[in-house]
Amino acid sequence: MAKRHYIPITADVPGVNDSQRAFIRKVIRTALAAEGVDFPCEVDVLLTNDAAIHQINRDMREVDRATDVLSFPEFELTPGELPGAEDADPGTGLVPLGDMVISMEHVAAQAKEYGHSNRRELAYLVVHSVLHLLGYDHLDEGPQKKQMRGREEAILAELGITRED
């Protein structure tokens, strides 16, 4: 898979290593390819803790609690709709898709709660966030949520990640 995307990963928590960063980039690239993103783009990632994601959630969404992942899309898209070449940054040539913030504390807690590995939980949250950046949503309990869950499972399967991992 060509490395045409710029995916800076910042971690303000200890213990994040190069292998995890490479894994996150692989998951993002796989999700983008699965959704037909065949143009150079940028996705910015912050790996943090519950206190920091709580503050971001409060500041940006006026939600006063920690969460597992936050997604801040650059564009208002619908599933299947993609930005165009005209949306690329003239200086870099990259289309900025948006930002994701992941609480590594939530990754560990949810992996334990659901009985699978931290790696599987991290992959799920990264895929989930990429889909949000591309216009997917799950606010209802109906077709939108079902569509998003189906895409998540398909992308995880493409990565060889199962519920048992």
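Between Glu158 and Ala34, the closest heavy-atom pair is OE1-CB, 4.0 Å. Between Asn118 and Ala108 the shortest heavy-atom distance is OD1-CA, 3.7 Å. Considering all non-hydrogen atoms of both residues, Asp50 and Glu105 come closest at N-OE2, 2.8 Å.
Residue pairs satisfying the side chain to side chain donor-acceptor pair (under 3.5 Å) criterion with at least one member in residues 81-102, sequence neighbours excluded, are listed as follows: Thr78-Glu81.
Here Leu70 sits in one hydrophobic cluster together with Leu46, Ile53, Ile56, Met60, Phe72, Val101; the rule is ILVMFWY side chains under 4.5 Å apart, joined directly or through other members. The hydrophobic side chain of Tyr114 is isolated, with no ILVMFWY side chain under 4.5 Å apart from it.
For the side-chain contact (heavy atoms from CB on, under 4.5 Å) test with Val16, the passing option among Ile24, Thr10, Leu47 is Leu47; the others fail. Residue His5 forms a side-chain contact (heavy atoms from CB on, under 4.5 Å) with just one option from Leu97, Val37, Val95, and that option is Val37.
Remark: the backbone N or O of Asn17 is paired with a side-chain donor or acceptor of Gln20 at under 3.5 angstrom. Remark: the backbone N or O of Leu125 is not paired with any side-chain donor or acceptor of Ser129 at under 3.5 angstrom.
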### Task
Verify side chain to side chain donor-acceptor pair (under 3.5 Å) between Thr48 and Asp12, making sure each step is shown before the conclusion.
CA-CA 5 Å; Thr48 194; Asp12 65 9; 2.7 Å; yes

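With contacts defined as side-chain heavy-atom distances shorter than 4.5 Å, the pair Glu42/Ile7 does not qualify.
Ile155 and Val69 fall within the same hydrophobic cluster, defined by Ile, Leu, Val, Met, Phe, Trp and Tyr side-chain heavy atoms under 4.5 Å apart, directly or through other members.
Under the 3.5 Å distance criterion, with hydrogens and angles disregarded, no donor-acceptor pair is assigned to the side chains of Asn49 and His106. With no hydrogens or angles considered, no side-chain donor-acceptor pair links Asp68 and Ser103 at under 3.5 Å. Between Tyr136 and Glu35, the side chains place a donor N or O and an acceptor N or O closer than 3.5 Å (distance only, hydrogens not considered). At a cut-off of 3.5 Å, with distance as the only test, a side-chain donor of His116 or Glu121 sits close to an acceptor on the other residue.
Ring to ring, His128 and Tyr124 are close: their centroids are under 6.0 angstrom apart.
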